[in-house]
There are 2 protein chains.
Amino acid sequence: MRDTKPLAPVHTAVALFTIQGTLKLLLLPGEPWRLPGARLKEGESLDACAQRALGEATGVGDVFLEQLYTFTASDRAPGVVVSYYALIPYDRVQICAGSGEWVDPAHWPPTAPGLRQIIDCAAERLVAKLEYAPIAYQFLADRFTLGELQSVYEVIGRRSLDKRNFRRRLRASQHLLETHDTRRGARHRPARLYRLRETEPSIRG
Amino acid sequence: MRDTKPLAPVHTAVALFTIQGTLKLLLLPGEPWRLPGARLKEGESLDACAQRALGEATGVGDVFLEQLYTFTASDRAPGVVVSYYALIPYDRVQICAGSGEWVDPAHWPPTAPGLRQIIDCAAERLVAKLEYAPIAYQFLADRFTLGELQSVYEVIGRRSLDKRNFRRRLRASQHLLETHDTRRGARHRPARLYRLRETEPSIRG
DNA sequence: ACAAAAGTGTTCCTGTTACACCCATGT
DNA sequence: ACATGGGTGTAACAGGAACACTTTTGT
């Protein structure tokens with residue numbers, strides 16, 4: 001309270017991912033390209049601020065979101081940036097259409113300095129977390145086939161998986177809830193549809 | 001830039017751990033008990049701010065430190081708290097003597113709200129990270145015996161380990177550098193001393 | 001009929017666990 | 001001499017990886 005100078009702006013920045021054939025990241029047009037972001041309002045929680053940033057930039061709401069890391073704002077800009085990553089199912093992607101561009105996070109266009117570390121950090125976390133947390137489901141619609149789920153793992157992990165081992169492992173994970181419906185219409189055998197078994201998310205904040 | 005109101009104080013808070021028989025956390029006396037912390041200065045990096053917080057509170061410097069999570073400051077206090085955990089070897093503990101109290105992080109005295117989540121988060125991370133990152137060494141002196149190292153794992157993991165399996169596993173990890181010295185003086189066979197093999201730390205910020 | 005993804009078990013291999021005794025020292 | 005932690009190998013077990021064929025549909 002003895003000094004008012006070190007008051008600094010707090011921003012959130014959100015790396016929004018989806019899967020469209022391959023893993024894609026949303027960048028907002030501009031010079032340079034940006035991530036969705038917002039300045040923290042008084043009385044607002046960081047999570048809420050990140051959700052708001054996403055909503056303002058793309059119109060989507062109620063998105064899976066997780067805090068990544070907090071950086072000191074790049075260059076000599078004062079303040080800090082609390083980075084998040086967010087995942088959105090492929091069937092909600094169109095909502096973001098027009099608000100930005102979906103790019104491959106590995107080779108993206110020139111962006112502001114400081115974005116690179118956020119994006120790398122996010123991609124890294126995504127790969128790591130895939131193996132021990134049920135986040136793959138966040139890329140899928142409410143009901144999905146095991147083939148779709150496997151494809152998510154393959155795309156993010158950048159390697160192909162054995163179908164039988166995959167199914168055994170996933171069934172053992174207890175996250176799957178089998179429905180009695182199937183998806184038909186493709187020119188092959190219909191695929192059983194599954195749901196994510198709802199469970200209490202572990203608390204962090 | 002259109003609004004100056006949402007400028008908010010940014011603080012760091014550091015949960016400093018050591019091992020003294022059991023895992024111990026440093027709390028600073030007061031009503032309520034606090035963690036070492038500091039307000040972010042202009043132009044200062046978050047890591048530097050956390051190091052400074054630790055230095056000002058205890059006098060120690062050059063400590064292993066890692067960012068944990070960023071919380072919105074508890075209650076209705078504005079601003080954010082970037083939490084860190086830090087590890088200090090047992091042979092440097094005395095430096096902190098007088099500046100605070102070493103308590104068991106599981107059942108500690110009443111503290112300010114908001115501390116609990118930081119401490120829990122830190123303890124959780126510590127246990128998890130022990131299994132895949134060479135952080136146990138941070139609790140030990142420059143040179144150490146395998147017995148000491150095993151004891152660190154046992155204390156943090158809260159379970160006893162098999163001596164032979166432990167040694168096999170650790171030797172395979174490539175983190176150990178055998179010295180030609182032994183530690184003697186105890187009334188048993190002298191123990192070989194090891195060093196941590198220096199390696200490039202992976203970058204995060 | 002054919003193309004295309006769904007679905008299903010078994011074998012092998014590798015890495016993890018369990019376990020008991022002798023050694024070198026200080027007192 | 002004895003108490004104390006240091007030091008060493010092997011056998012059982014479990015979890016992960018490799019692998020091929022039949023089924024059901026749409027065209």
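We name chains A, B, ... by the order of the sequence lines, and we start the count at 1 in each one. This structure is a prediction, so every number in the text was calculated from the model and none was measured.
A heavy-atom distance below 4.0 Å to DNA chain C is reached by none of the residues of residues 131-155 of chain B.
Considering only residues two or more places apart in sequence or on other chains, B:Tyr90 meets the ring pair (Phe, Tyr, Trp, His ring centres under 6.0 Å) condition with none of them. With sequence neighbours excluded, no residue forms a ring pair (Phe, Tyr, Trp, His ring centres under 6.0 Å) with B:Tyr194. Among residues two or more places apart in sequence or in another chain, the side chain to side chain donor-acceptor pair (under 3.5 Å) test is passed with B:Arg168 by B:Asn165.
Atom CZ of A:Arg116 has 12 or fewer heavy atoms from other residues, nucleotides or ligands within 6.0 Å.
Taking the six-membered ring for Trp and the full ring otherwise, A:Phe17 and A:Tyr85 have centroids separated by 6.0 Å or more.
Under 4.0 Å is where a charged nitrogen must lie from a carboxylate oxygen, and between A:Arg52 and A:Glu44 at least one such pair does.
In this structure, B:Arg171 reaches the sugar-phosphate backbone alone: every heavy-atom distance under 4.0 Å involves primed, P, OP1 or OP2 atoms, never a base.
If you measure from atom CG of A:Leu161 to atom C1' of D:dG16, you get 12 Å, rounded to the nearest angstrom. Rounded to a whole Å, the CZ atom of A:Arg167 is 18 Å from the C1' atom of D:dG16. The interatomic distance linking A:Arg192 (CZ) with C:dG7 (P) rounds to 7 Å, in whole Å. Atom CG in A:Leu170 sits roughly 14 Å away from atom P in C:dT8 (whole-Å rounding).
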Produce a footprint string for nucleotides 17-27 of chain D: one letter per nucleotide, 5' end first; B if the base is under 4.0 Å from any protein heavy atom, S if only the sugar-phosphate is, - if neither. BBBB--BBBS-
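Put simply, the side chain of B:Leu115 reaches to within 4.5 Å of the side chain of B:Leu35, judged on heavy atoms.
Sorted by first then second residue, the side-chain hydrogen bond (donor to acceptor under 3.5 Å, both in side chains) pairs that include residues 131-148 of chain B, not counting sequence neighbours, are B:Asp142-B:Arg195, B:Arg143-B:Asp181, B:Glu148-B:Arg183.
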